[in-house]
Amino acid sequence: MAERNLYLHEVIDIVGEGAMRYMAHTVGFNADAAADRGLELVGTWYTMGSTGRWPQVVNLWECVDGWAGWRRLMEATNLRRTQNPELVEWWQEALKTRTGGFDRLLGAAPGCPSLAELGARGVSGSVFVHEISTVRPGAAPDYLAAVRETRAPLLADHGHTLVGLYEALLSDVEVVTIWATDPAGHEALMRAADSGTDERIARWHEEARAAGRTRWREELMTPHPDAPLSRGDSL
């Protein structure tokens, strides 16, 4: 059985107006040197302040080589950190624009596209929908299967493309999903939800609860123009 892809999900607290500077610093990060070939950037985004906590940046990294890459990452960024001048230099610069954060180790659920698959499909967005939700203990696989089978086609009809389906691996009650869209797609989805013109939206929330979701929260994110999956400065 092939190993599933692993991801490092970072929520970063930003100093003042430092979001774009921090994201540019992330895009320019030499992961091969500092993380011993353990990471590849999927995206770096700032949270739209009108939809979530601000100022805040979200980074998502794919772990190269699965668990072997995760081990290299642990060793390079924690156990050998005093012997890692590239990372020390990167951290010192990053501290000028961040104060801390919260990280999650994520595992891809069935149907979750890899970074290579996203690139091959040309997936991109100017707005990304970021969900961090809770489920009953142990229900993450069931909930994410429901997202894949029911919510993904629904959101596709409103201009949203699946970027990731993840369960938190150091918790049994958290899931993360990410979708790529644009302002027109987000407006279409929210208008349909608010007006009730697409009855599948209300039915989805009933199915999600039945699949084990106990609480949900979404926020919108904007990517750095030079980040993977970004449409640059276009809408």
Side-chain angles (χ1 to χ4, degrees), residues 1-11 26 29 31-32 34-45 58-79 101-125 128-156 160-180 204 207-208 210-214 216-218 221 223 227-229:
M1 181 177 177
E3 289 186 353
R4 61 174 164 176
N5 287 334
L6 304 177
Y7 295 84
L8 176 62
H9 176 267
E10 301 181 299
V11 179
T26 298
F29 178 52
D32 282 349
D36 194 13
R37 301 165 285 110
L39 293 175
E40 189 167 0
L41 184 65
V42 177
T44 179
W45 304 267
V58 175
N59 290 341
L60 184 68
W61 306 85
E62 189 172 273
C63 295
V64 180
D65 299 332
W67 287 112
W70 176 251
R71 175 180 172 176
R72 292 200 306 273
L73 176 64
M74 286 194 299
E75 292 174 345
T77 61
N78 288 276
L79 304 184
F102 186 90
D103 293 356
R104 293 174 175 86
L105 172 63
L106 303 178
C112 177
S114 67
L115 179 58
E117 290 169 337
L118 292 169
R121 297 173 191 170
V123 174
S124 67
F128 288 74
V129 181
H130 179 226
E131 173 196 7
I132 303 176
S133 292
T134 58
V135 295
R136 292 192 301 270
D142 293 336
Y143 171 68
L144 293 171
V147 172
R148 181 185 70 248
E149 295 166 6
T150 302
R151 188 159 174 77
L154 165 61
L155 292 191
H160 291 58
T161 303
L162 177 65
V163 170
L165 288 171
Y166 316 107
E167 63 172 312
L169 296 185
L170 299 180
S171 164
D172 64 350
V173 295
E174 284 189 321
V175 296
V176 176
T177 70
I178 300 177
W179 310 81
W204 156 248
E207 182 175 342
R213 191 188 69 191
T214 58
W216 69 283
R217 177 179 65 82
E218 292 179 344
M221 310 187 299
L229 312 184

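Residues: numbered from 1 along the sequence shown.
- Legend: residues meeting side-chain contact (heavy atoms from CB on, under 4.5 Å) with Leu115, ordered by chain and number and at least two apart, are Glu40, Val42, Glu62.
- Closest approach of Gly125 to Pro223, counting heavy atoms only: O-CG, 3.7 Å.
- Checked against side-chain contact (heavy atoms from CB on, under 4.5 Å), Ile132 has the following partners two or more places apart in sequence or in another chain: His9, Arg104, His130, Glu174, Val176, Arg217.
- Residue pairs meeting the side-chain hydrogen bond (donor to acceptor under 3.5 Å, both in side chains) criterion with at least one member in residues 160-169, sequence neighbours excluded, are Arg4-Glu167.
- Smallest separation of non-hydrogen atoms from Val163 and Cys112: O-SG, 4.5 Å.
- By the side-chain contact (heavy atoms from CB on, under 4.5 Å) test, Pro228 is found to be paired with Leu41, residues two or more places apart in sequence or in another chain being considered.
- Pairing each heavy atom of Pro113 with each of Leu162, the nearest pair is CG-O, 3.9 Å.
- Rounding to the nearest 0.5 Å gives a distance of 7.0 Å between CG of Leu165 and OG1 of Thr177.
- Residue pairs satisfying the side-chain hydrogen bond (donor to acceptor under 3.5 Å, both in side chains) criterion with at least one member in residues 137-149, sequence neighbours excluded, are listed as follows: Glu131-Tyr143.
- Judged purely by distance below 3.5 Å, without hydrogens or angles, the side chains of Asn5 and Ser114 never pair a donor atom with an acceptor atom.
- Salt bridge present: Arg72 and Asp65 bring a charged side-chain N and a carboxylate O closer than 4.0 Å.
- Residues Ala139 and Gly212 come closest through the heavy atom pair CB-CA, 4.0 Å.
- Contact annotation: the side chain of Thr214 never approaches that of Val135 to less than 4.5 Å [non-hydrogen atoms, C-beta and beyond].
- Distance CZ/Phe128 to CG/Leu229: 5.0 Å, rounded to 0.5 Å.
- Contact record, Trp67 with Glu3: N-OE1, 3.4 Å, taken as the closest heavy-atom pair.
- Here the CG-CG distance, from Leu39 to Leu73, works out to 4.5 Å after rounding to the nearest 0.5 Å.
- For the atom pair Leu169 CG and Leu6 CG, the distance stands at 6.5 Å (nearest 0.5 Å).
- Here Arg151 contributes atom CZ and Glu207 contributes atom CD; the two are 11.0 Å apart, rounded to the nearest 0.5 Å.
- Annotation: side-chain contact (heavy atoms from CB on, under 4.5 Å) contacts of Ala152 (sequence neighbours excluded): Trp179.
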| query | Do Trp70 and Tyr7 pass the ring pair (Phe, Tyr, Trp, His ring centres under 6.0 Å) test, and can you show the C-alpha distance, the side-chain angles, and the key distance before you say yes or no? | reply | CA-CA 9 Å; Trp70 176 251; Tyr7 295 84; over 10 Å; no
